[in-house]
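Everything on this sheet refers to the single structure shown next.
Scope of the values below: all heavy atoms of this structure, side chains included, with no hydrogens, waters or symmetry mates. We number each residue from 1, following the sequence as shown.
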Amino acid sequence: MAFRLPSRTKRPAKPFVSPFSHPSKILKPTATSTTDGHTAGADTVASPPQPPSQSLSPIDKMASILADAGCTLINISGPPCLPSDLHKLRQHLQTCFSSDSDLRSQFLAGFASYIDNLNDFRRVLLPSHRDNPSIGRSESLVRVLLLVPSIQLDLQNMLMEKLPEYFDNDNCGHSSSSTMRLDEDIARLILNQFRWLDFLVDSEAFTVNLFQVLSICPPHLKKEIIGSLPEVMGDIDNNTVVDSLEKVLKDDSTTTIAVIDCFSSLNLDDLLQDKVITIALSCIRTIEAEKLPYLLRFLLLSATSTNARRIITQFREQYKLVGVFDTRSTQRNRFKGKSVVDNAEASVLDALGSSLRFKNILCQEILRELQFVDNPQDHKVIDIWLLVLIYKNCESMQKSVEKLLKKKIIEGSIRDVLFEQCLLGNKELVKDHFSSFLLFSEYLLACKEPKVSKFGIQMYKYLFEGFPDIYSRQEVIGSLVTHVGSGITFEVSSALDAIVMLASNYSQELIPFCSYITGILDYMEGFSTENLHKVYDVFCFLSLSARSNTESLSSSIAVELFMIVRKQVSNPEFKYKKMGIIGTLKILSHFGNINDMSYSSSSQKLYYEEALELLRTSLDSCQQLPASLILFYDELSAILDSRSLHPAIMEQVGQLVGEFESMFLSDLEIGKLPVSDLYCGLEGELWMNLDGDISPICVNILPLASSSSRSTSLQTLPANFRLLSVMERVGNQGSLGGIDALLGCPIHLPSSKFIIESWQSLNKKQKHVVCLSLYYAINWIRELLNAFATQVAGRFDCISQATKEEMVTKNLKRLKNLVFLEGLLNSILKQCPLFFPELSSASLPCQPACIEKNTEQTRTNQCSSQISKKKIKMSSKALKNIGTQANSTTQLTLTETWKKAGAISSEAANESSTSMHSKSNPSEQATRSTTNFNESIEANIEISETAKLLEAQRYRFRPLLIDCFSILSYSKDLDSCCADPTCELPVYLYLLRDLNSKLEYFSPKPTSFRSLRTSPGLSGITTVEFVNKIETLFVTLRRHLDSALSLLGHGSESCQVHWREQSYMAGNPEINNMVLSVPSVSTLVIKETLYCFSKMLTCPDLLLSKQSFLVGLLKCFQPKNVNDIAGMQALSSTGDIFCLYGGVCEFLELVLNEAICFSFMLASEVVVTLESVVISLQKAIDKPLEGTAKHKLTVCQELLVTLRNKLSSSSHKVLTHDWHTIENGWKGKGEMVQKIVHIYLENCESTSQSLDELACSILPTVSFSDRTNEEYNHGFTTLCSSTFAVWYRELHEQNLAILGKLVKEAVQKNKSRATRQPTEVQILMEKLHLSVNVAVSLINICKTHDKVVIVRTMAVKYGGKYVDSFLKVFDFLETQFQGHKQLIVQLIKDFQMGTRTIQALCSEAKGLKQISITSKIPATKRSLERFLFRVKALLHSSSSGCTFWLGNLKHKNLVGQVVSSQAYIDGEYKSDDNEFAGNVVEDEIVGNVEVDEVD
């Protein structure tokens, strides 16, 4: 309602005057009030009440009415005096006013006149005196009158009209409301009258009036009124209040805090509360920074499960954490003792932290919100702070925060630049949360995933760089040293990487913390070679930095470093000597680096002189131990290959390699040995002479291998030659022209006639000499290839084309020599088992060795499965004397050792079990040695066959370097007789196998983490360098794959002659029993190429390092003609990466059509490769490259569906192909069959329907009666008695996976508050029923295959797991029972058929003592018991008439016959009664439901 605002003229301030000071004026009706005040008689109190008279003034009439009610308006000491019974006063006035409207009007008029006087107005607003002060609190006269219904509205209007008169504080004689007492502030006194009134006659009108006044109030009073609204207004007016306050906020943003406080005090319903939240969220962007914490506290405290997500989302979107501090202001606050939390941003974080501490729902919603942010650009600095605050304030959520952060880093959603902005842009904030960030860094660094640990390293760098105070840096260094001492390999490696990075960038800053860093030395004994390098890098950086700074610790760090290294080098134990060697050469590389070399003071030697002196000492100490020299040469070669050292050092190394010729080479006369001597009774001859008669030298292997005193020098031959080749390249601008004679020179080995004709006549020592000679020759050739492959790999431009072509030819011939020698040595080892000395520094005894994996062996059970890379340890003494003495030290059984270490398969072990024996005693050895004399080399040696016995010791060989793969690019020799000869395929097969072993390092299995020990041949190679080197091989891989496919279908055995010719031209001896099978070598080349393709396609490190890598790989495996697949033809012209996937799948389908006609294993490998293509496409769609259009992603989804269908049909083709003539039967192929079945079920149109068909219709028809004449009426030729178990297992696992998805869907529907459609629930019930039918059918198969124990075992195991997973869906069943009672009861009935069978299986297994089954029984029984009682709870709580009772289940066998088990229960197994509690009636569960179920 509208009203007139009175004039706001100022009134003079006057002291308080007691009202009615002139009593005579009451007796004279004509008397009027003076301008100073109202007249009244002093003795009015004593005079009797006078009846109202028309001659009385309005004020007098009002006073008289109050007096009649018991209220004394005249009070000399202050406010009016009220009676003790206020209710009686209000009742009296209400009665009077209700019965006489004129009296009411007169009262209001008098009251209005009375309050025109400031002092009188104040008196009636102040709390009044009571007749009985002990009764309740004092009320003002105005407040009492406001509780009289008949005059409440008029008084409210009257007070509202008076309120603007007192907006100006000068009216009250004061200039500031902040200095006024409440009893002096009229405006606040008026406002107080409306607080907590018992009722409002017209709340709507009052609300309108109040907000009209509010619109013109001064700021301080406006905030006061807004703050009092919850005490003034009733809940019925909340809607109006909220709407009005929203308008106030729009008009005046300075009232935000007052409005928010008001909102927090209102009792709002859900709808209004949601509206208030929306209003508050809209203020985040516009509110002043210092007021934001208050708004944020309100929002977070108002958060519920329904609106928390919206609050978090809006806050993240609208709040921008600037992170720029006023440093001077912050410092002043610190000096004054104020907290940094006074800062606006710090206050925001404080508000967040306090809210998160007490509201877990907020923490959960924040984590859920961040979980769905995938784009790195969508993450903000505030996200990091949210994670930190949850981690700090909510201990129960720390694991979830760690898990989410780790996931985000792996996916690339959170990048280190975000943490850099957070840590370095908000240093003052971070100081208060430094410990939390340090804990984050510790967790990330300790993760086994390389990407996550690198992120942790960066965080340590930011913490060290951003916080230079002693305490912070001490904490950082101490944390890293703690990681180093953890003993966990990958954690130690990451921590050392972090320390190396700090030492290289902040060496001066680290010097004060050297006492902490030297603690690393206590843990060095367990360090790998790579970690030892890092340790010495750290100390070298610190030593150089300390010497360059005269004010630091001078050279004490360097002195200590030199002292430690000298002690280690002089130690006779190899593990300490190894530390010293690495330390020596690290010092040499840092102190002798010609680019970084500086000089110390005049009293000190030059840096390089100190390093050179240490080098001589180290070299002298290594002379007696070949392992030490190998390590020394390899480490020195790596340094020379990457750094330029001082000329004095190079001169010393030149003298060292100058002894190579005298030690290992012999002169020839016209390409022949000058004399023909016998060595250990063996005649020697020259093998593999590529230079013919012009060769001036030969490698002197046989004389050295046969000499007891000189045989150990052969162990250093490859490492010595590597150092020689590196020195030659360094001094000749990359050319090896000065030593190229070594590439073609022959090798002095035992005569081939001993292997071909006289093997049985050799004694044991002679056989060992032959084996060792071949072993050293193999490693010599491998090192030749490593050296001269650099000449043809394009690394150096100083090689002429003619020289390059000559070296290509010789390299290919040397590869043929290598294949020949390894095949021959592998065959000999079957008759003469032997441990070879270790020639690779990568596998020396102080650390676990890495046995190279062969992918073919890991993919199938046919070949060896090298899962564990344990080292077969051997003492240095045995290493020194092996092969030279017939009575060498005793060792464990070689076959058993390899088998236990996982180096060879059981099949390989069985092949060699007759000859690989333990050296238990001399007599046994002599007996077995005699037996070996009568044995001969096997009749035929297949060149392409995997050298299983050599693979078991492959880690001892010299590794091939990446440059050797460049040989794959050269397709043939110039004088070859074949267009693409088979004789070259074994060479390529050899290199492909080695490439696979290196790809294993970059593509570890999902279930394991990458070994932090570098794969052989990859030392010092980064991922980017590896990618750049193998990227050129894609075309070559495709060419060899096409060649092998062509030979597989049209190969001729005439190529056997070609192999022999090429072998003879390479200088190999003529050994007729070395044969080459065209189908075998073609198949293996196809397999190895597919393995390489799959690993490169799915390896995340390789793909992330270079995006063009994936495009180039896919382009090289396209068919000649690409068909239109799911609309991709439109993109083919642009070379779109998604289009390339379709082409690869078409190409692999063509390969499958060829392979399926030849080999099950080959066809299966093609299907597995096709699966890797689909997986790669899925990853590309999930994380598309930047700039990928949305319409392309839609087309790609269609392509993915199409490729999945193709994959399903391809796997189905393999499973149903006619394999009656399969090679070697189904033995050893079970794992691959299960893999193909898995691919088929995962990618078929409906996995549930396929499972139902297989489990219910096809599997029960498989017969075990006659394995020779099986019929395949079901169509799956791969499903037979031999493969039944793997099919059975895979169906169980797939059904469990489907149930898991259904349980997750049911749980989500149960938690969702949205109304569920009946059709959705019906569909979910039907899916559950189908899954239960599959499980029951699989379990009941045991009734028809009761003789197969493994089937029973899997039925109990997977049956128990299924029951355990099914229990999670009971909550959903309970909520849906009333609406779907029939379906749920039938579901339980059908499930009971399977649980009965499980009970019978458990009982029979105990009786028959079938250990494989009984170990699974306890867990299964527990699941059955829980299932039983959940069914009971479900039926009892439903109140649907279904009954349930418990009893004892009869003991029946699988066919349902009752078994007399009383003696069994009462006798021996009486103590197991409790374990059989699960036998409680499943029969009765459904039996009673059938009878009573209902209605």
Donor-acceptor under 3.5 Å (Gln791 side chain, Gly734 main chain): yes

Lys1095 side chain to Ser1172 side chain, donor-acceptor N/O pair below 3.5 angstrom: no

Interatomic spacing from [atom1] in [X] to [atom2] in [Y] - rounded to 0.5 Å:
| X | Y | atom1 | atom2 | result |
| --- | --- | --- | --- | --- |
| Ser494 | Lys448 | OG | NZ | 13.0 Å |
| Ser966 | Ile1030 | OG | CD1 | 13.5 Å |
| Thr529 | Met579 | OG1 | CE | 10.0 Å |
| Leu1110 | Met1096 | CG | CE | 11.0 Å |
| Leu815 | Leu960 | CG | CG | 8.0 Å |
| Tyr775 | Gln953 | OH | CD | 7.5 Å |

Closest non-hydrogen atom pair, Pro959 against Asn786: O-ND2, 2.8 Å

Centroid-centroid distance, Phe1109 to Phe1026, less than 6.0 Å: no

Within the 6.0 Å centroid threshold, strictly below: Phe541 and His590: yes

Hey, is [X] close enough to [Y] for a salt bridge, meaning N to O under 4.0 Å?
| X | Y | value |
| --- | --- | --- |
| Asp641 | Arg729 | yes |
| Lys810 | Glu806 | yes |
| Arg415 | Glu420 | no |

Just so I know, are the side chains of [X] and [Y] near enough to count as touching, which here means a heavy-atom distance under 4.5 Å?
| X | Y | result |
| --- | --- | --- |
| Tyr990 | Leu985 | no |
| Leu736 | Ile739 | yes |
| Asn811 | Leu743 | yes |
| Leu640 | Met727 | yes |
| Val1144 | Leu1148 | yes |
| Ile414 | Phe455 | yes |

Stepwise side-chain contact (heavy atoms from CB on, under 4.5 Å) test for Thr584 and Leu588: CA-CA 6 Å; Thr584 298; Leu588 188 73; 5.6 Å; no

Arg1039 to Tyr988, cation-pi by 6.0 Å centre distance and 45° axis angle: no

Aromatic ring pairing Phe836/Phe957, orientation class (parallel under 30°, perpendicular over 60°, tilted between): perpendicular

Which residues share a ring pair (Phe, Tyr, Trp, His ring centres under 6.0 Å) with Phe965, sequence neighbours left out: none

Ile639: side chain to side chain contact (heavy atoms under 4.5 Å, CB included) partners, not counting sequence neighbours: Leu585, Ser589, Leu645

Ring pair (Phe, Tyr, Trp, His ring centres under 6.0 Å) between Tyr462 and Phe419, worked out: CA-CA 8 Å; Tyr462 298 145; Phe419 269 94; 8.3 Å; no

Test applied, side-chain hydrogen bond (donor to acceptor under 3.5 Å, both in side chains); reference residue, Ser493; option that passes from Lys534, Glu530, His483: Lys534

Verdict with supporting geometry, Glu411 and Lys408, salt bridge (charged side-chain N to carboxylate O under 4.0 Å, His left out): CA-CA 5 Å; Glu411 294 175 350; Lys408 288 287 182 181; 5.1 Å; no

Steps toward side-chain contact (heavy atoms from CB on, under 4.5 Å) verdict (Ile967, Leu785): CA-CA 9 Å; Ile967 302 174; Leu785 291 171; 4.1 Å; yes

Within 6.0 angstrom of Lys454 NZ, more than 12 heavy atoms from elsewhere: no

side-chain hydrogen bond (donor to acceptor under 3.5 Å, both in side chains) between Ser840 and Tyr955, worked out: CA-CA 7 Å; Ser840 172; Tyr955 64 95; over 6 Å; no

Leu839 and its side chain to side chain contact (heavy atoms under 4.5 Å, CB included) partner, picked from Glu783, Arg782, Arg958, Arg956: Arg958

Full working for side-chain contact (heavy atoms from CB on, under 4.5 Å) between Leu496 and Phe527: CA-CA 11 Å; Leu496 288 174; Phe527 285 178; 4.1 Å; yes

Chi angles and distances behind the side-chain hydrogen bond (donor to acceptor under 3.5 Å, both in side chains) call for Thr946, Arg993: CA-CA 9 Å; Thr946 303; Arg993 283 171 172 162; 3.2 Å; yes

Chi angles and distances behind the side-chain contact (heavy atoms from CB on, under 4.5 Å) call for Leu1041, Val1085: CA-CA 7 Å; Leu1041 179 60; Val1085 168; over 6 Å; no

